[in-house]
Amino acid sequence: MILKGIPASPGIVIGRAFLFDSRRIVVPVRKIKDGEVPGEIARFEDALIKTRSEILEIQKRITKEMGSHHAEIFNAHLLVLEDRMLIEEVIEALKKESRCVEDAFSRILDKYINVFLKMDDEYLRERISDIDDVGKRILKNLLGAKEKSLTKLKEKVIVVAYDLSPSDTATMHRKNVIGFITDIGGRTSHTAIMAKSLQIPAVVGLEKGTDKIKSGDILIVDGSKGTVIVNPDSASLKKYHRLQQRFVKLERSFIKLKDEPSETLDGHRVELSANIELPEEIDSVISYGAEGIGLYRTEYLYMNRQGLPSEEEQFDAYKKVVTRLPGNSVIVRTLDLGGDKFLSQLDVPHEMNPFLGWRAIRFCLAKPEIFKVQLRAILRASAYGDIKVMFPMISGLQELREAIALLEEAKKELRLKDIKFNKDIKVGAMIEIPSAALTCDLLAKEVDFFSIGTNDLIQYSLAVDRVNEKIAYLYKPTHPAVLRLIKNIIDGGHKEGIWVGMCGEMAGGSGFVLILLGLGLDEFSMSPVVIPEIKYIIRNLRFQEAKKIAEKALSLPTGKEVEAFTDKKLEELMPMIRRRRMNG
Ligand code: PEP
Ligand code: MG
C-alpha cells in the first residue's frame with residue numbers, strides 16, 4: 001500500500017510503525033451491579049497508583065534530560081491525582097449511579113473541566129490542561145491501554161500520529177524516533193519545520209495514515225517525495241535501501257562545500273544562515289556551514305514547562321548561542337506564540353482563527369511585563385556577540401514603533417542598573433503580513449533590516465491556512481501575487497539602504513532560490529540541513545543568469561508555470577541536482 005502526503009522533512013527511512021494517537025479514548029458505558037462496586041473502586045485505586053508512578057517516572061526522566069524547570073509541570077499533575085474531592089465524587093457515583101468506573105470518572109472529569117472553564121481566576125483556568133492530561137492518563141490506565149510517550153521509546157520507530165504539536169515534536173527522543181508521519185498538517189507547519197531541524201524524515205497531511213497503519217507495520221517513509229509505503233515487498237525494500245544510500249552519499253558531497261563562500265560564478269555574494277528552534281542545534285548549524293543564525297525561534301524556550309522563562313534563563317540561552325558562533329550574527333526573534341504554537345501556561349483564550357488572532361507581537365505589546373523580560377535578556381546577551389533583534393508579525397508602522405519603544409524602555413532599565421548591552425543593537429522586522437509587504441517603504445525607514453517570513457506571507461496573501469492539508473495544493477510560493485510581494489519588499493528595503501533576508505521555508509527551496517537570488521535577496525536563512533544544497537546551487541549559477549530567471553518567472557501567469565520553468569532551469573544548469581531528483 002502506498003500513501004501520498006506532503007513532503008515535510010527530507011530523507012528516506014525504513015522502520016516499524018508506532019501508532020501515537022492521544023485523541024482516541026473510547027469510554028465504555030456499562031451499568032454495574034451492587035456487588036461489583038468494591039471491584040470498581042479497587043480498579044480506580046490501582047489506576048491512580050499506576051498514574052502516580054508513571055508521572056513520577058516521567059518527571060525524573062525529564063529532569064535528567066531537559067532540566068528541573070521542564071519537569072515542574074508534573075507537580076500540578078500530581079496534585080490533581082491527590083484531589084480528595086474528585087476521588088470521593090467518583091466513589092459516590094459508583095455507588096449511587098451504578099456506572100462502570102470509566103464512565104463515572106469521565107463524566108466527573110468533564111464536570112470539573114466545565115467548572116474550571118467558567119472561573120474568573122486566571123490561574124485556576126490554566127489548570128484545565130493539567131486536569132485533562134491527568135484525566136486521560138487515568139482513563140488509559142483504567143482501560144489497560146499502554147501509556148504511549150514519545151520520550152520513552154525503547155527502540156527505533158517511525159511515529160504515526162493524527163497530529164503532533166510542535167512541542168510534542170520538540171521532546172521527541174532523537175535517537176529512537178527515526179521518522180514520523182501525520183494525518184494532518186502542511187509543509188510549513190511548525191511540526192514539519194521542527195522535523196527538519198531534528199533531521200528526522202517526515203511526511204505530513206496523509207489524511208488517513210492512522211486508519212490504515214497499525215503499530216508494528218513496516219514502513220518506508222520518503223520525506224523528500226512525501227510518500228509512505230506500508231509493508232513493502234522485498235523489491236521495494238531493496239530499491240529504497242539503495243536510494244537511501246545514494247541520498248546519504250549525495251548529502252556528503254554537498255557538505256564538502258561547507259567552508260566555501262556562498263557566491264555565484266560571477267562573484268555575487270549572499271549570506272546563508274540557519275533557522276534554529278533550540279540552542280542545542282548549534283552543532284548542526286556549524287557542521288552544515290551556516291554563516292550565522294537568521295532566525296532563532298525563541299518561543300520553544302517557553303514550551304513544555306510550567307511558568308515563563310526568567311530573564312536570567314533567557315539571557316543564558318541567547319548568550320550560549322551567540323558565544324558558540326563567534327564573529328557571526330544571531331537574529332533573535334521575539335516571542336511568536338499563537339497560530340499553531342501554544343503555551344499551556346499562558347492564558348490565551350481559544351480562538352476561531354488562531355493564525356489571525358492574538359499572537360506574536362500583538363500578544364507581546366499587550367503584555368509588556370512579559371515582553372520586556374525577553375527584551376532585556378536579548379539586550380544583555382548582545383554584549384557578548386553580534387545579536388540582532390527581530391519582531392514577528394508586524395502589520396504596520398504603528399505596531400513597529402510600539403515594539404521599538406518597548407525595546408528603548410528595556411535599554412533604559414538596563415542603563416539605570418549599569419548592565420552592559422550593545423547600544424547599537426540592530427533591529428529588524430519580519431515581513432510576513434501583506435499589509436507590511438505593501439508598506440515596506442515606510443517600515444524600511446525605521447529598521448536596520450527585513451526578513452521575509454514566507455510561511456505566513458503566503459498563507460495570508462493567498463488565504464490558505466499553512467497547516468491545512470486539504471488546501472495544501474493552493475499553498476504556492478510561486479504564485480504571481482507572492483512573487484510580486486517579495487520583489488516589492490526587496491526593492492523597498494534596498495531603496496532605503498537596508499538589507500533584506502528571508503527566513504521562511506521558501507528560502508531553502510532549490511527552485512525558488514534561482515528566482516530569489518535574481519531578485520536581489522541578500523540573506524537566505526533555512527534549516528541547517530538544506531544549506532549545503534542551496535550553497536551548491538548558488539555556487540553553480542551566474543548572478544546575471546539568475547536575474548534573467550527572476551524576470552522571466554515574474555512574467556509567467558501561474559505558479560505552476562513558474563515551477564515548471566525553474567525546475568527545468570535547475571536540471572539544465574546543475575547535473576548534481578538532476579541526479580538527486582532522480583534518486584528521489
Ligand atoms: C514565517 O512565517 O515565514 C516564519 C519564518 O516564521 P514562522 O514559521 O515561525 O511563523
Ligand atoms: Mg511567521
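Counting begins at 1 with the first residue of the sequence. In each ligand, atom 1 is the first atom listed, and ligand 1 is the first ligand listed.
No side-chain N or O of T334 forms a donor-acceptor pair with one of Q374 less than 3.5 Å apart. In summary, the side chains of E277 and S197 do present a donor paired with an acceptor at a separation below 3.5 Å, with no hydrogens or angles considered. For T558 and E561, the side-chain atoms include at least one donor-acceptor pair closer than 3.5 Å. Residues Y302 and Q314 bring a donor and an acceptor atom of their side chains to less than 3.5 Å of each other.
Contact annotation: for M430 versus ligand 1, heavy atoms closer than 4.0 Å belong to the side chain alone.
Nearest residue to atom 10 (O) of ligand 1 from M526, M393, R466 is R466 (criterion: closest heavy atom).
Here D336 does not reach the Mg ion (ligand 2): none of its N/O/S atoms is less than 2.8 Å from the metal.
Ring pair F449/W499 is parallel by interplanar angle, where below 30° counts as parallel and above 60° as perpendicular.
Close approach of ligand 1 to C503 is summarised as follows: ligand atoms under 4.0 Å from at least one heavy atom of the residue are 5 (C). Each of the following atoms of ligand 1 lies closer than 4.0 Å to a heavy atom of D456: 1 (C), 2 (O), 3 (O), 10 (O). Contact atoms of ligand 1 toward L295: 5 (C) (distance under 4.0 Å to a heavy atom of the residue). With ligand atoms numbered from 1 in the order given, ligand 1 contributes 4 (C), 5 (C), 6 (O), 7 (P), 8 (O), 9 (O) to contacts under 4.0 Å with heavy atoms of R297.
Residue E299 has no nitrogen or oxygen atom sitting less than 3.5 Å from a nitrogen or oxygen atom of ligand 1, judged on distance alone. Considering backbone and side-chain N/O atoms, E505 never comes within less than 3.5 Å of an N/O atom of ligand 1.
The shortest contact between atom 7 (P) of ligand 1 and any protein heavy atom is with H190 NE2, 3.1 Å. Remark: minimum distance from atom 6 (O) of ligand 1 to any protein heavy atom is reached at R333 NH1, 2.9 Å. When hydrogens are left out, the protein atom nearest atom 2 (O) of ligand 1 is E432 OE1, 2.9 Å; that is the closest non-hydrogen contact.
Looking at heavy atoms from C-beta onward, I286 lies in side-chain contact with R324 at the 4.5 angstrom threshold.
Summary: OE1 is the N/O/S atom of E432 found nearest to the Mg ion (ligand 2). Nearest N, O or S atom of D456 to the Mg ion (ligand 2): atom OD2.
In terms of heavy-atom proximity, R359 sits nearest to P354 at CD-O, 3.7 Å.
With hydrogens and angles disregarded, no donor-acceptor distance shorter than 3.5 Å links the side chain of E291 to the backbone of S273.
Residues D336 and R297 are not paired through a salt bridge, judged by the lack of any N-O separation under 4.0 Å between the basic side chain and the carboxylate.
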